Visitor: 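Here's a structure for you.
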There are 2 protein chains.
Amino acid sequence: MSEKFARRMGTVHRSFIREILKVTADPEIISFAGGLPNPELFPVDAMAKASQEVFANIGASALQYSTTEGDAGLRAIIAQRYANRGLTVDPDSILVTTGSQQILDICAKVFLDKGDKVVIERPGYLGAIQAFSIFEPEFVTVSLEDDGPNLEELEVAFKDGAKCFYAVPNFQNPSGVSYGLEKRKAVAELTDKYDVLFVEDDPYGELRFLGEDMPSVYSFCKKPGILCGSFSKIAAPGFRIGWVVAEKAVYDKLVIAKQASDLHTSTLAQAIMRRYLETNDIETHVELIKERYGRQRACMVEMIEKYFPSDVSITRPEGGMFLWATMPEGVSSMDLFDAAIKDKVAFVPGRPFYVDGSGENTLRLNFSNADEVRIEEGIKRLGLSIDSFLK
Amino acid sequence: MSEKFARRMGTVHRSFIREILKVTADPEIISFAGGLPNPELFPVDAMAKASQEVFANIGASALQYSTTEGDAGLRAIIAQRYANRGLTVDPDSILVTTGSQQILDICAKVFLDKGDKVVIERPGYLGAIQAFSIFEPEFVTVSLEDDGPNLEELEVAFKDGAKCFYAVPNFQNPSGVSYGLEKRKAVAELTDKYDVLFVEDDPYGELRFLGEDMPSVYSFCKKPGILCGSFSKIAAPGFRIGWVVAEKAVYDKLVIAKQASDLHTSTLAQAIMRRYLETNDIETHVELIKERYGRQRACMVEMIEKYFPSDVSITRPEGGMFLWATMPEGVSSMDLFDAAIKDKVAFVPGRPFYVDGSGENTLRLNFSNADEVRIEEGIKRLGLSIDSFLK
């Protein structure tokens, strides 16, 4: 059978993270490997009520086929939430997607021919690397510094004929890095200057627990870019509801690509999410998440300072769900992973986030999915693991 | 912006049917254009109850991320339902998808390189033409006769190096044609002989209201094919839940492609569908649908015999949701469409179902979405429209 597979399947791999999740199913293992929101914070009762009301109020129409563009009421709410944060977005420029992962797939369908140059951050988001790989682009990576991409590298990549730049400017997965204000403006200027399509992925932007909220890079771009959002981190991921904002010409193509992909996103899931948003104050709920993740992140940083060897450096994210650790050069986090699993603690080795095969000495730690007791114990275990590993 | 679009977007068009649905939003128009199940038959109360139970019983886990493969309990039920109909399917060979449209997208990702030959029926299912087109194959079409594809044409296409054959052997969309037993065996023999991957799409197979159920072509193939199913027509489409059955090597690739596409299908939608299936007798529900659609189809055929000119021929489907009409050569159903809309009745012109631009004189009529009163009135209007049009 293998001789029948499309060429692209030779270069696209099963998500390493999803494989790791199987290893870490052992309940004795404290896992910082996943990228899961804390389920204790899911608004289960409010969602149950919203669901009952959907069946009672609109019944059959919540179970029928619906438009590719998505529920009009839901799109209006998404636009209103942008307006609340100072960004004007026409509801008709919002396309509801089956999670924000689907945006990457349909953007790739609409824009990527084989061999097109796609610029991504180094390290970069694995889901995007997977989605884009299907369409066989050439990845060009730019270093991610404390305040965003290295601008010299970015300009070189743009000059060299890049078609698009995909980035996660807020609390990036995997690094936790956020772009500073100056770099946001500079990135927008560069994408305008070189006419590079900017795809801004922003699933974590609302989860800032330290520092000041910053405008999107999208808002600084003069040439229209693409802005992606998701309910997965602020409400619940099980709905698989994300959205993309795009100008008309691009929007129309994205709709065609989405139609070919799955016709439309679940009518029922959209109706329940809409009802939940209409009858609950999600902003209060987001505050709750931020408060909790802020505490968990503070605990993780504190424990790392206490238990990790001093030659392991970390990022100090101001929001989101992940932080990033860098061990001394030459140390393999893949090898450390095996040792750590024996010590009953898990993380994600950094290498899969680098398309160039580097990043061997890095690792990703998730702080959203474990409470402070488990974070303390888990980081202690991992510190000991690294200690013996570095000796 | 247009200079940035991928080459493929030049050949993929927005679904003509979905455009028609906008024209037919006028409530005075009796529409046979859509492909919607009858919403009066959706098990709204049972689904509402299932939904309540999901929130009460499993709460947060129904809102969390889940596996790409799909809910294990749901897959077990799908396998059991195949077993009830005499087909042994391992639950681990079932991948839950975001509607059966997604199967076409992920199959294309896994199998189609640009220029690969894909055999489809003529007329063919529009959703498949759209999904495959994204991957720029060469379509080869074979005539659909009363009992299935023309076997000579099929063998010529296979000899000529086809990679796969996509077909809807039960009550095809758009034609309503079903394969006879002998043709099912013959198709299986040919796909085996020429080592062509057989992709069997079967959203309507359970909706047979006349004649005897027939084994799938898949069940006759010695070399493993791909079998697609869906809850859209037997329960409700708003969930966006379909599934695909495939052998291990193919299954693993489909999982990778699905992961890149949308990570997984809505956890919540899967949980509600599973609970519904666990606590209700869907077979009784399917009987209800068959009884209703059978009556509606009988009414439509009777009215066509009464009101259509005698030189318009039709298929007489034994199940499903569509029938197909052929007008005399040289008559354009696109032009008829405009006239019919003025007479407040709608259908889908046949040409979009032909990748070779033929089929000008054909049209598709849906009988699942209108009751008998509207079918009688609508067919009467359409008959008058055709009458004046043919004069």
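Here is the naming used below: chain letters follow the sequence lines, and residue numbers restart at 1 for every chain. Bear in mind the structure is a predicted one, so any value in this text is a computation, not a measurement.
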Visitor: Under the 3.5 angstrom rule, does the side chain of A/Q259 hit a backbone N or O of B/G127 as a donor-acceptor pair?
Guide: no
Visitor: Where on A/S61 is there a heavy atom nearer than 4.5 Å to chain B: the side chain, the backbone, both, or neither?
Guide: neither
Visitor: If every non-hydrogen atom of A/Y65 is compared with every non-hydrogen atom of B/S232, which pair is closest and at what distance?
Guide: OH-CB, 3.6 Å
Visitor: Check the pair B/D105 / A/K109 against salt bridge (charged side-chain N to carboxylate O under 4.0 Å, His left out), numbers first and verdict last.
Guide: CA-CA 11 Å; B/D105 178 59; A/K109 280 175 174 151; 2.6 Å; yes
Visitor: Between OG of A/S100 and CG of B/L263, what distance do you get to the nearest 0.5 Å?
Guide: 8.0 Å
Visitor: Taking all heavy atoms of A/G238 and all of B/S266, pick out the closest pair and write down the distance.
Guide: O-OG, 3.0 Å
Visitor: Roughly how far apart are B/S261 OG and A/D262 CG, rounded to 0.5 Å?
Guide: 9.0 Å
Visitor: How far does CZ of B/F55 sit from NZ of A/K49, to the nearest 0.5 angstrom?
Guide: 13.0 Å
Visitor: Which bit of A/L41 comes within less than 4.5 Å of chain B, counting heavy atoms only: side chain, backbone, both or neither?
Guide: neither
Visitor: Relative to chain B, which of A/A236, A/A131, A/A48 shows the most heavy atom pairs under 4.5 Å?
Guide: A/A48
Visitor: In sequence, state the C-alpha distance, the side-chain angles, and the governing distance for B/L63 and A/M47, and then conclude on side chain to side chain contact (heavy atoms under 4.5 Å, CB included).
Guide: CA-CA 9 Å; B/L63 301 180; A/M47 290 295 187; 4.1 Å; yes
Visitor: Is chain B contacted by the side chain of A/A108, its backbone, both, or neither, given a heavy-atom distance below 4.5 Å?
Guide: backbone
Visitor: For chain B, which of A/D116, A/T97, A/T98 has the most heavy-atom pairs under 4.5 Å?
Guide: A/T98
Visitor: Can you tell me how far the CG atom of B/D113 sits from the CE atom of A/M9, to the nearest 0.5 Å?
Guide: 11.0 Å
Visitor: Specify the closest pair of heavy atoms between A/Q130 and B/A260, including all atoms of both residues, with the distance to one decimal.
Guide: O-CB, 4.0 Å
Visitor: Can you confirm whether more than 12 heavy atoms, excluding those of A/D45, are under 6.0 Å from its CG atom?
Guide: no
Visitor: With rounding to the nearest 0.5 Å, note down the distance linking CD in B/Q270 to CZ in A/R240.
Guide: 11.0 Å
Visitor: When rounded to the nearest 0.5 angstrom, what distance separates NZ in A/K258 from CD in B/Q101?
Guide: 10.5 Å
Visitor: Highest number of heavy-atom pairs under 4.5 Å with chain B: which of A/L112, A/I103, A/V54?
Guide: A/L112
Visitor: On the ring face of A/F5, is B/K253 found with NZ or CZ under 6.0 Å from the centre and within 45° of the axis?
Guide: yes
Visitor: Between B/K4 and A/D195, is any pair of side-chain heavy atoms under 4.5 Å apart?
Guide: yes
Visitor: In terms of heavy-atom pairs under 4.5 Å with chain A, which of B/P37, B/A269, B/A62 leads?
Guide: B/P37
Visitor: What is the minimum heavy-atom distance between A/R8 and B/V110, and which atoms define it?
Guide: NH1-N, 4.5 Å
Visitor: Please identify, among B/G99, B/G34, B/S51, B/A271, the residue contributing the most non-hydrogen atom pairs under 4.5 Å to chain A.
Guide: B/S51
